Number of protein chains: 2
Amino acid sequence: MTEVTEPAIETVTIDVVLSALADPVRLTFVRALDAAGDWTCGSDVLRETGVTIGKSTLSHHIKVLRDAGLIRTRVDGIRRLVTLRYDEVEQRFPGLLAMLREHGPARARGISSPYTSG
Amino acid sequence: MTEVTEPAIETVTIDVVLSALADPVRLTFVRALDAAGDWTCGSDVLRETGVTIGKSTLSHHIKVLRDAGLIRTRVDGIRRLVTLRYDEVEQRFPGLLAMLREHGPARARGISSPYTSG
DNA sequence: CGAACCGTACGACGCAAATCGAACATTGGA
DNA sequence: TCCAATGTTCGATTTGCGTCGTACGGTTCG
């Protein structure tokens with residue numbers, strides 16, 4: 001039983017989405033996934049963004065984002081890949097992802113090229 | 001010194017806005033102000049929405065919303081009136097208020113007419 | 001001036017959430 | 001089969017935040 005499920009997009013409420021995005025780690029994570037554009041390893045996102053948290057904490061945050069309907073998890077061999085649910089989120093909350101994209105990190109520290117180091 | 005100031009809209013970050021809206025009381029409050037459409041007494045909003053919190057707690061929430069750049073406070077005699085910063089918020093976060101408006105309360109309990117009892 | 005009212009400021013409390021560490025499950029490779 | 005790597009789950013800890021009660025400030029009215 002290695003399947004990972006996420007809620008149907010119609011059942012996603014804005015309350016839960018706002019709570020999910022209200023955490024700095026998760027907000028950074030979502031923005032990184034948005035910049036990546038496709039399936040990405042969560043641990044890699046951590047390194048590229050410079051966020052230092054334990055792996056159990058990362059697992060927790062990913063679960064929160066998944067339960068909030070924002071991301072999807074796929075099993076790929078030994079690791080788990082995650083991706084933003086672009087179309088569905090855009091369908092239910094038009095402009096939300098664009099808003100996060102335009103309003104980048106509060107303080108753009110010297111990030112040369114976004115998430116292409118690996 | 002009874003003036004109440006709010007941050008310039010250009011200095012408002014989405015992080016702070018998301019955190020402000022992530023609380024159920026504040027989200028209800030913002031939606032109520034949106035429905036009201038103009039200057040409203042915070043205590044009245046509480047009664048009309050059925051939210052029961054102490055006045056110090058209300059004061060705290062209003063301050064959070066004001067610091068987040070979402071609302072503005074005006075002194076009116078013995079009381080304080082608040083209002084949504086429609087145009088400015090719309091200018092900086094296009095579609096945000098509309099999103100809150102369309103995605104109404106998670107559970108629409110028997111609310112007959114919105115905020116016109118007083 | 002004094003009383004009543006509205007809101008703020010401050011300290012304290014409690015709970016929910018974030019975090020960590022350890023144990024366990026799963027997969028891939030030697 | 002054994003071991004290394006990845007990620008989840010669980011329990012415990014800590015931190016942050018919502019909440020309240022009280023005290024204080026400002027305003028209106030008598």
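Remember, it's a predicted structure, so these values are computed and weren't measured experimentally. Numbers restart at 1 for each chain; the letters A, B, ... are given by sequence-line order, proteins then strands.
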(message) Please report the distance, rounded to the nearest Å, between CG in B:D76 and C1' in C:dC5.
(response) 14 Å
(message) Between C1' on C:dA17 and CG on A:D67, what's the gap in Å once rounded to a whole number?
(response) 14 Å
(request) Determine, step by step, whether A:D87 and A:R92 satisfy the salt bridge (charged side-chain N to carboxylate O under 4.0 Å, His left out) criterion, reporting the C-alpha distance in whole Å, the side-chain angles of both residues, the deciding distance to 0.1 Å, and the verdict. (result) CA-CA 9 Å; A:D87 297 348; A:R92 185 144 178 84; over 6 Å; no
(message) With salt bridge (charged side-chain N to carboxylate O under 4.0 Å, His left out) as the rule and sequence neighbours excluded, what pairs involving residues 4-13 of chain B come up?
(response) B:E6-B:R72
(request) Could you pull out the closest heavy-atom pair between A:L18 and B:A22, with the gap in Å? (result) O-CB, 3.9 Å
(request) Send over the distance from A:R74 CZ to C:dT27 P, rounded to a whole Å. (result) 16 Å
(request) At under 4.0 Å between heavy atoms, which parts of nucleotides 4-18 of chain D does protein reach? Answer with one letter per nucleotide, 5' to 3': B base, S sugar-phosphate only, - none. (result) -BSBBB--------S
(message) Quiz question: by atom type and distance under 3.5 Å, do the side chains of A:T73 and A:R80 form a donor-acceptor pair?
(response) no
(message) If you compare all heavy atoms of A:T40 against all heavy atoms of A:A36, which two are closest, and at what distance to 0.1 Å?
(response) OG1-CB, 3.5 Å
(request) Return the value, rounded to whole Å, for the distance between atom CG of A:L27 and atom C1' of C:dA17. (result) 17 Å
(request) Flag the pair A:R47 and A:D44 as a salt bridge only when some basic side-chain nitrogen lies within less than 4.0 angstrom of an acidic carboxylate oxygen. (result) yes
